[in-house]
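Remarks on the structure that follows.
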Amino acid sequence: MDGPSGSGKSSTSRGVAARLGLRYLDTGAMFRAITWWLLQRGVDVEDAAAVAALADAPVLVSGTDPAAPSITVDGVDVAGPIRSAQVTGAVSAVSAVPEIRARLLREQRDIIGAGGIVVEGRDIGTVVAPDAAVKVYLTADPGARAARRTAELTGTTVEATHADLARRDRLDSGRVTAPLAMADDAHHIDTTPFTLEEVVDQVVRLVEERADGEGRLAERR
Ligand SMILES: Nc1ncnc2c1ncn2[C@@H]1O[C@H](COP(=O)(O)OP(=O)(O)OP(=O)(O)O)[C@@H](O)[C@H]1O
Ligand SMILES: Nc1ccn([C@H]2C[C@H](O)[C@@H](COP(=O)(O)O)O2)c(=O)n1
């Protein structure tokens, strides 16, 4: 599941995984967790060489239960702190550093293992899991994304959220390594007119259509 910030990837992926009894991985949380760790150490995240030098240092553990997503860095539960405005403002710079992406790509593929998992991010269908049985690319109108995101935050306005989403879209789509992009074989769903439940239904249907008579999904080769 790929798509721009606030398009509904996390909520949809968790809903689909819960419905189908699959695991769930939020790869954005992994980038956020490393960003949090770097900020805690006072590293200048705009200094790509400094970020690259520390890319392998923190130990990340990502939980894959869609009912209780979790992430720790060096044993510290950072599920809350990684959603702070400070981390959100710094994560695009960190995620543009090739050494960070290479490290997380290895870990993401280890977790994916034999499959049975819904994985969300920016480059899942294009880079992380090009053989995925089902690929979905979610979008929503910028106004809808900003309104949805603002509704879950305090102390911000739709205009400020809109500007932040536009900034992250630009950085995530414009970076050289693994930019946000829709895979050629992905199903595009514009979620703007649909409720979360309706989008989950649509994705579950796509998965069921790909499954064999015993509910198994074959990877693309
Ligand atoms: N189809 C939908 N209709 C209405 N609200 C939705 C829909 N899908 C998601 N939302 C809401 O929009 C907000 C953003 O969704 P979510 O966090 O899943 O997006 P995201 O793409 O994972 O964002 P990010 O990349 O920033 O983590 C949440 O409050 C979520 O409940
Ligand atoms: N596969 C991924 C996942 C995330 N990122 C980067 C880009 C985002 O701005 C940031 C945070 O992700 P979010 O929590 O908003 O989904 O992480 C990426 O480059 N590749």
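Atoms within a ligand are numbered from 1 in the order they appear, just like the ligands themselves. Keep in mind it's a predicted model, so treat the numbers as computed, not measured.
- What sits closest to atom 28 (C) of ligand 1 on the protein, heavy atoms only, is Glu152 OE1, 3.2 Å.
- Residue nearest to atom 7 (C) of ligand 1, selected from Arg148, Glu198, Met1, Arg14: Arg148 (by heavy-atom distance).
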For each nitrogen or oxygen atom of ligand 2, which protein N/O atoms lie closer than 3.5 Å, and how far apart are they, rounded to 0.1 Å?
| unit_1 | atom_1 | unit_2 | atom_2 | d |
| --- | --- | --- | --- | --- |
| ligand 2 | 1 (N) | Thr27 | OG1 | 3.0 |
| ligand 2 | 1 (N) | Arg122 | N | 3.2 |
| ligand 2 | 1 (N) | Asp123 | OD1 | 2.9 |
| ligand 2 | 9 (O) | Arg168 | NH1 | 3.1 |
| ligand 2 | 9 (O) | Asp172 | OD1 | 3.4 |
| ligand 2 | 9 (O) | Asp172 | OD2 | 2.9 |
| ligand 2 | 14 (O) | Arg32 | NE | 2.7 |
| ligand 2 | 15 (O) | Arg32 | NH2 | 3.2 |
| ligand 2 | 15 (O) | Arg122 | NH2 | 3.2 |
| ligand 2 | 15 (O) | Arg168 | NH1 | 2.8 |
| ligand 2 | 16 (O) | Arg122 | NH1 | 2.9 |
| ligand 2 | 19 (O) | Arg101 | NH1 | 2.8 |
| ligand 2 | 19 (O) | Arg101 | NH2 | 3.4 |
| ligand 2 | 19 (O) | Arg175 | NH1 | 2.9 |
| ligand 2 | 19 (O) | Arg175 | NH2 | 2.9 |
| ligand 2 | 20 (N) | Arg101 | NH2 | 3.0 |

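- Interface atoms of ligand 1 facing Leu196, defined by a heavy-atom separation under 4.0 Å, are 1 (N), 2 (C), 3 (N), 8 (N).
- Screening residues 23-48 for salt bridge (Lys or Arg N to Asp or Glu O under 4.0 Å), with sequence neighbours left out, gives Asp26-Arg83.
- Interface atoms of ligand 1 facing Val199, defined by a heavy-atom separation under 4.0 Å, are 1 (N).
- Between Arg168 and Asp164 the shortest side-chain heavy-atom distance falls below 4.5 Å.
- Salt bridge status for Glu107 with Arg103: present, with a side-chain N to carboxylate O gap under 4.0 Å.
- Ranked by closest heavy atom to atom 22 (O) of ligand 1, the top entry among Ser10, Ala29, Ala147 is Ser10.
- At the top of the distance list for atom 24 (P) of ligand 1, counting protein heavy atoms only, stands Arg149 NH2, 3.2 Å.
- In summary, the side chains of Arg148 and Ser11 do not present any donor paired with an acceptor at a separation below 3.5 Å, with no hydrogens or angles considered.
- The pair Arg145-Asp169 meets the salt-bridge criterion, since a charged nitrogen lies less than 4.0 angstrom from a carboxylate oxygen.
- In this structure, Ile117 CD1 and Leu22 CG are separated by 8.5 Å, a value rounded to the nearest 0.5 Å.
- Geometrically, ligand 1 and Thr12 share no nitrogen or oxygen pair separated by less than 3.5 Å.
- Residue Ser92 holds its OG atom at 5.5 Å from CZ of Arg167, rounded to the nearest 0.5 Å.
- For atom 25 (O) of ligand 1, the closest non-hydrogen atom on the protein side is Lys9 NZ, 2.7 Å.
- At a 4.0 Å cut-off, not a single heavy atom of Gly28 sits close enough to ligand 1 to count as contact.
- Between atom CD1 of residue Ile71 and atom CH2 of residue Trp36 there is a gap of 11.0 Å, rounded to the nearest 0.5 Å.
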From CA spacing to verdict: salt bridge (charged side-chain N to carboxylate O under 4.0 Å, His left out), Arg19, Asp201: CA-CA 9 Å; Arg19 276 253 219 113; Asp201 286 344; 2.4 Å; yes
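- In Pro4, the part holding a heavy atom less than 4.0 Å from any atom of ligand 1 is the backbone.
- Cluster membership check: Leu153 does not share its hydrophobic cluster with Val87, using side-chain heavy-atom separations under 4.5 Å among Ile, Leu, Val, Met, Phe, Trp and Tyr.
- Contacts with ligand 1 closer than 4.0 Å are made by side-chain heavy atoms of Arg168 only, the backbone lying farther away.
- Residue, atom and distance of the protein heavy atom nearest to atom 19 (O) of ligand 1 are Gly8 N, 3.1 Å.
- Near Phe194, meaning under 4.0 Å from any of its heavy atoms, are these atoms of ligand 1: 1 (N), 2 (C), 3 (N).
- The CD1 atom of Ile189 sits 11.5 Å away from atom CD of Glu198, with the distance rounded to the nearest 0.5 Å.
- The shortest side-chain heavy-atom distance between Asp56 and Arg106 falls under the 4.5 Å cut-off.
- From Gln108, atom CD reaches atom CZ of Arg101 across 7.5 Å, with rounding to the nearest 0.5 Å.
- On a distance-only criterion, Ser11 and ligand 1 share at least one N/O pair closer than 3.5 Å.
- Annotation for Asp110: atom CG counts as buried by contact number, over 12 foreign heavy atoms lying within 6.0 Å.
- The shortest N or O to N or O distance between Ser7 and ligand 1 is under 3.5 Å.
- Heavy-atom proximity to Arg122, at under 4.0 Å, picks out these atoms of ligand 1: 25 (O).
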